[in-house]
Amino acid sequence: MDLKFSPEEEAFRAEVRAFLADKLSPQLAAKVAGGLRLSKQEHESWHAALNARGWLASHWPKAYGGPGWSVVQKFIFDHECALANAPRIVPFGLSMLGPVLIKYGNEAQKRHWLPRILDGSDWWCQGYSEPGAGSDLAGVKTTAVRQGDHYVVNGQKTWTTLGQHANMIFCLVRTDPAAKKQEGISFLLVDMKSPGVEVRPIITLDGEHEVNEVFFTDVRVPVENLVGEEHRGWTCAKYLLTYERTNIAGVGFSVAALERLKAFAARQVRNGRPLIENPQFAARLAKVEIDLENMKTTNLRVIAAVAGGGVPGAESSMLKIRGTQIRQELTSLYRRAMGPYARPLIDEDQDDGHASEPVGPAEAATAATQYFNNRKLSIFGGSNEIQRNIISKMILGL
């Protein structure tokens, strides 16, 4: 569906497109389109280009370095970046910690940390999940005991995405073991270079190093790195998760993936006709496109609520569920479109005539990797089963 915008919004869209044409290199866009992993330097370079234009923290208030965009401008920006295959903005500092600091941080914390997020001085990672505390996040066991002007932190975090690049980590820690689970948690900012912090890689099935374990042994953290009130960190945690879940929905990424899938399926011939005309394939494609159009509307509602001073609630859980289902379905359909070429390991010279345009081994391996990697989408950020519980409680009162 072609979205209709006002003349002012169309002018803004043209401005975004001109920026992307000027600053996004074809080589980087090709890597993103191919699902290849980007280096830390490539992420930082793209962040720097956006920050120079004042567009990096697109949802931050203007007073803190954001562009002050309207809801529709934010939507247009995300939409055009996805269609241009621009790199995903690494969310941990910008889309997770930033909003928490703006809402719950004191003025000294805002003055110190927010500019460092924008200029790339700090690369943040997320210290939430632990062994035994994933979907039951309130079950965290990492402790922080106050000793004078410091907290002493001991424990373990896991599935720490891109933690190998980070110099800072925001953590949920237990500061009152005797309190109820949610009431004894605090939100701490920890320097990864502190003595006692150890990062161990977790190598995934595809041989990639994306996630890590982080261990804390008597790590001393200044008291001024506490965000919000002591023992009241669960409030910060929930607020952050609403932003994370909205981001996981990945509306723009699904729009771009759908366009690539349509183009690819139109080139593949099955039984003398383009695959896109196959009734079964076309029906699945139509369903996922309808779901995506509906999700766009919900996404705009959530963005509008936040822009008006509200907090994403059950809507962020709805987006997370539907968004992850759509992204998983798109990768599944892409593998189906490839046929036998979607096998992770394939002879480079193989061509059995099944596809009208033989697929190279790199593209095939990428499709398989994306399919399997995206299985995690319905688990992290709070599993979809947990999101259904949240929706039933917040909306239905169950």
Report the distance from atom [atom1] of [X] to atom [atom2] of [Y], rounding to the nearest 0.5 Å.
X	Y	atom1	atom2	result
E230	L188	CD	CG	9.0 Å
T324	N384	OG1	CG	4.0 Å
S383	K376	OG	NZ	16.0 Å
M338	L275	CE	CG	12.0 Å
K193	N167	NZ	CG	4.5 Å
E259	L330	CD	CG	10.5 Å

Is it the case that more than 12 heavy atoms not belonging to [X] sit under 6.0 Å from its [atom1] atom?
X	atom1	value
W159	CH2	no
K23	NZ	no
K287	NZ	no
R284	CZ	yes

Within the 4.5 Å heavy-atom criterion, are [X] and [Y] side-chain neighbours or not?
X	Y	answer
R220	Q147	yes
Q325	L377	no
L396	I391	no
V211	T160	no
D136	I386	no
T161	Q126	no
I102	P61	yes
L50	F77	yes

Lys/Arg cation over aromatic Y239: K103, 6.0 Å, 45° cone: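 The answer is yes, since K103 meets both limits relative to Y239.
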Criterion side chain to side chain contact (heavy atoms under 4.5 Å, CB included) on I276 and R270, from CA distance to verdict: CA-CA 9 Å; I276 201 167; R270 301 289 189 271; over 6 Å; no
Check against salt bridge (Lys or Arg N to Asp or Glu O under 4.0 Å), E130 and R174: CA-CA 12 Å; E130 300 180 3; R174 189 159 298 284; over 6 Å; no
ILVMFWY cluster, [X] and [Y] together (side-chain gap under 4.5 Å):
X	Y	value
W55	I89	yes
F170	V152	no
V214	F92	no
V199	F215	no
V221	L101	no

Do you know the tightest heavy-atom contact between [X] and [Y]?
X	Y	value
L285	L258	CD1-CD1, 3.8 Å
L28	P87	CD2-CG, 3.6 Å
L292	V251	CD1-O, 4.1 Å
N212	P201	OD1-CA, 3.6 Å
I379	K320	N-NZ, 3.8 Å
K110	G105	CE-O, 3.2 Å

Fit a plane to each ring of [X] and [Y], take the angle between them on a 0 to 90° scale, and name the class: parallel (under 30°), tilted (30 to 60°) or perpendicular (over 60°).
X	Y	value
W69	F12	perpendicular
W113	W124	perpendicular
W46	F19	tilted
F264	Y334	tilted

Below 4.0 angstrom, N of the basic side chain to O of the carboxylate: do [X] and [Y] qualify?
X	Y	answer
E8	R13	no
R37	E210	yes
R232	E183	no
E213	R200	no

Backbone N/O of [Y] and side chain of [X]: donor-acceptor pair under 3.5 Å:
X	Y	result
N225	L189	yes
T331	Q328	yes
S129	T158	no
Q109	E224	yes
Q73	S70	yes
H47	V90	yes
K40	H165	yes
S392	R388	yes
T204	E208	yes

Steps toward side-chain hydrogen bond (donor to acceptor under 3.5 Å, both in side chains) verdict (Q156, T142): CA-CA 6 Å; Q156 175 188 357; T142 296; over 6 Å; no
Donor-acceptor pair between N294 and R322 side chains, under 3.5 angstrom: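 No, no side-chain donor-acceptor contact under 3.5 Å.
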Donor + acceptor pair across side chains of D119, N51 (<3.5 Å):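 Distance-only check fails for D119 and N51.
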Test log, rule side chain to side chain contact (heavy atoms under 4.5 Å, CB included), inputs C125 and M192: CA-CA 10 Å; C125 62; M192 298 279 279; 4.0 Å; yes
Working for side-chain hydrogen bond (donor to acceptor under 3.5 Å, both in side chains), residues S6 and E9: CA-CA 5 Å; S6 70; E9 291 160 351; 3.3 Å; yes
Member of V219, T175, V173, V190 meeting the side chain to side chain contact (heavy atoms under 4.5 Å, CB included) criterion with Y151: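 By the side chain to side chain contact (heavy atoms under 4.5 Å, CB included) criterion, Y151 pairs with just one of V219, T175, V173, V190: T175.
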Side chain to side chain contact (heavy atoms under 4.5 Å, CB included) between F253 and R88, intermediate numbers included: CA-CA 9 Å; F253 300 113; R88 168 180 179 248; 3.5 Å; yes
Working for side chain to side chain contact (heavy atoms under 4.5 Å, CB included), residues I169 and V197: CA-CA 11 Å; I169 181 171; V197 177; over 6 Å; no
